[in-house]
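What follows is a short report on a single structure.
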Protein chains: 2
Amino acid sequence: MERAEDGGCAGRARDREATRRRILASARELFTSEGYAKVSSRRIAAHAGVNVALINRYFGAKRGLLAEVIAEEAAFPGIVEGDREGLPRRLAEHVVHRTLAGGTPLARALEHSAGDPDLKSVHEERLKNAVIGPLAEVIGGPEARARASLVASVILGVGLVRRIEGAASLNELEPDRLVDHLAAVIGACLAEGAPG
Amino acid sequence: MERAEDGGCAGRARDREATRRRILASARELFTSEGYAKVSSRRIAAHAGVNVALINRYFGAKRGLLAEVIAEEAAFPGIVEGDREGLPRRLAEHVVHRTLAGGTPLARALEHSAGDPDLKSVHEERLKNAVIGPLAEVIGGPEARARASLVASVILGVGLVRRIEGAASLNELEPDRLVDHLAAVIGACLAEGAPG
DNA sequence: GGTATAAGTAAACAGTGTTGACTTGTCAAG
DNA sequence: CTTGACAAGTCAACACTGTTTACTTATACC
């Protein structure tokens with residue numbers, strides 16, 4: 001019964017892996033352009049040229065499809081790897097450029113579904129492992145996770161407000177000044193001294 | 001045909017207003033305890049002892065019901081009315097106490113549905129009129145709205161992270177220190193000087 | 001008391017995510 | 001080359017969702 005383990009091409013017919021990839025690719029494309037809630041399972045299946053039931057067969061549920069899509073992408077590509085001192089500025093630049101350019105596809109997918117109760121566990125895992133965890137590691141020191149959590153709040157918050165408000169207010173500031181401002185805010189999140 | 005305008009009790013049968021209030025009360029209760037997405041129209045109607053179709057008759061759509069629910073409550077009760085200097089601390093205390101106590105019912109309803117595309121317009125109006133607007137007025141000066149928008153980002157972001165993560169990381173800090181910290185962060189949002 | 005008119009109702013619509021029973025293609029053994 | 005097993009793929013249904021339409025019924029005025 002475990003004859004598939006030797007070569008990898010044993011009990012396979014009609015190419016399971018290719019079908020999986022096709023579904024995943026369609027989901028990524030549709031989720032990132034229209035958001036999780038607006039894209040139905042049947043539409044993803046149709047786009048992939050595949051039967052709807054295969055989504056649940058291969059990914060358990062629609063939720064699992066999003067989980068796999070967002071797991072594929074790095075949250076902060078090349079940002080946490082660097083000196084701690086420049087971290088606020090690098091993060092600020094990342095956020096502002098995402099904000100102005102309409103965001104990376106993944107970021108948009110996340111912002112679309114930030115509060116969806118059905119996706120709480122997906123976002124929870126992502127937030128802890130890909131955002132707060134790496135940030136806390138660079139930050140170091142006591143209460144690193146709390147500080148990382150604050151930084152994450154700012155980043156997610158700016159994304160959320162941008163998505164709700166269309167960045168109307170934020171665009172009052174020139175991009176460069178916005179980066180300066182945001183770097184200062186993130187810096188305040190990281191500050192160690194107790195003000196009181 | 002306008003005979004209802006003289007006394008207020010003319011063309012009314014079976015008490016339209018009472019029914020409206022009953023629906024609204026049920027919606028408020030269910031939305032705030034379980035979130036917008038998890039509560040169906042039929043459940044609200046059943047809870048109110050009313051026919052489902054009346055929700056759409058009186059509120060246009062389920063969306064309209066939430067809009068009316070959140071419109072009833074003040075976003076920052078007694079916080080924007082005060083001196084500008086103490087604003088960051090008052091906001092920080094508000095956010096932290098909401099965070100630790102599980103949030104006001106309304107805040108939870110909002111956090112539950114922050115990214116829902118169907119509710120974008122509802123949240124947009126609320127954010128502009130009840131959050132960014134009043135904040136910008138207290139803040140004053142040039143780019144007041146941009147600064148207010150940043151503050152709103154921090155507040156919404158903290159709520160969102162708390163909701164996703166269960167406040168696990170944020171609770172590493174004692175409440176008092178968290179207030180200090182958050183006040184500093186919000187203060188940085190309001191700072192006018194260009195750092196560069 | 002009859003009647004217009006509003007309030008309230010029931011049933012259907014088109015859509016969702018998900019599931020279980022079914023068919024079919026493919027590969028290995030006889 | 002046929003046969004059988006098993007996985008891949010299909011189909012139709014399920015229990016929901018929000019919303020609309022045509023309908024019934026109770027009320028307040030003439």
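Here is how names work: the chains are called A, B, and so on, in the same order as the sequence lines, proteins then strands, and each is numbered from 1. The model shown is predicted, which means the values in this text are computed figures rather than measured ones.
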### Sub-4.5 Å side-chain heavy-atom contact between A:Arg43 and A:Glu34
yes
### Task
From the options D:dC11, D:dG18, C:dG17, select the nucleotide whose nearest atom is closest to the side chain of A:Asn51.
D:dC11
## Note on the structure
Rounded to whole Å, CD1 of B:Ile23 lies from P of D:dG18 at a distance of 14 Å
### Message
Contact list please: residues 57-67 of chain A against DNA chain D, heavy atoms, distance less than 4.0 Å, in numerical order.
### Response
A:Arg57, A:Tyr58
### Task
Using whole Å, report how far CG of A:Leu54 lies from P of C:dG25.
15 Å
### Closest nucleotide among C:dG25, D:dT17, C:dT9 to the B:Arg42 side chain
D:dT17
### Task
Applying side chain to side chain donor-acceptor pair (under 3.5 Å), name anything that partners B:Asn129, two or more places apart in sequence or on another chain.
B:Glu125
#### Entry: B:Glu174: partners by salt bridge (charged side-chain N to carboxylate O under 4.0 Å, His left out), with sequence neighbours left out
none
### Query
Within this structure, what is the NZ-to-C1' distance between A:Lys38 and C:dT16, rounded to whole angstrom?
15 Å
### Message
Please report the distance, rounded to the nearest Å, between CG in A:Asp15 and P in D:dA8.
### Response
10 Å
## Note on the structure
Side-chain atoms of A:Thr19 come closest, of D:dG9, D:dT10, C:dG17, to D:dG9
### Summary
note: A:Asp118, atom CG; D:dC16, atom C1'; distance rounded to Å ~ 14 Å
### Query
Can you tell me how far C1' of D:dG9 sits from CD1 of A:Ile55, to the nearest Å?
13 Å
### Message
Please find the pair of heavy atoms, one from A:His94 and one from A:Ala75, that lie closest to each other, and give the distance.
### Response
CE1-O, 3.7 Å
Expected list for residues 76-86 of chain B: side-chain donor-acceptor pairs under 3.5 angstrom, two or more places apart:
from    : atom 1 : to       : atom 2 : distance (Å)
B:Glu81 : OE1    : B:Gly78  : N      : 3.4
B:Glu81 : OE1    : B:Ile79  : N      : 3.4
B:Asp83 : OD1    : B:Arg90  : NH1    : 3.0
B:Asp83 : OD2    : B:Gly86  : N      : 3.3
B:Arg84 : NH1    : B:Ile139 : O      : 2.9

### Summary
With sequence neighbours left out, the residues meeting salt bridge (charged side-chain N to carboxylate O under 4.0 Å, His left out) with A:Arg42 are none
### Among D:dT19, D:dG9, C:dT16, the one nearest B:Asn56 by side-chain distance
D:dT19
### Query
Does A:Arg14 make a side-chain N or O approach to OP1 or OP2 of C:dT26 shorter than 4.0 Å?
no
### Query
C:dA10, C:dG20, C:dT24: which one has an atom nearest the side-chain heavy atoms of A:Ala53?
C:dG20
### Task
Sequence neighbours left out, what pairs pass side chain to side chain donor-acceptor pair (under 3.5 Å) with at least one residue falling in residues 48-72 of chain B?
B:Arg20-B:Glu68, B:Arg28-B:Glu72, B:Arg63-B:Asp118
### Message
What is the separation between atom CZ on A:Arg16 and atom P on D:dG9, rounded to the nearest whole Å?
### Response
9 Å
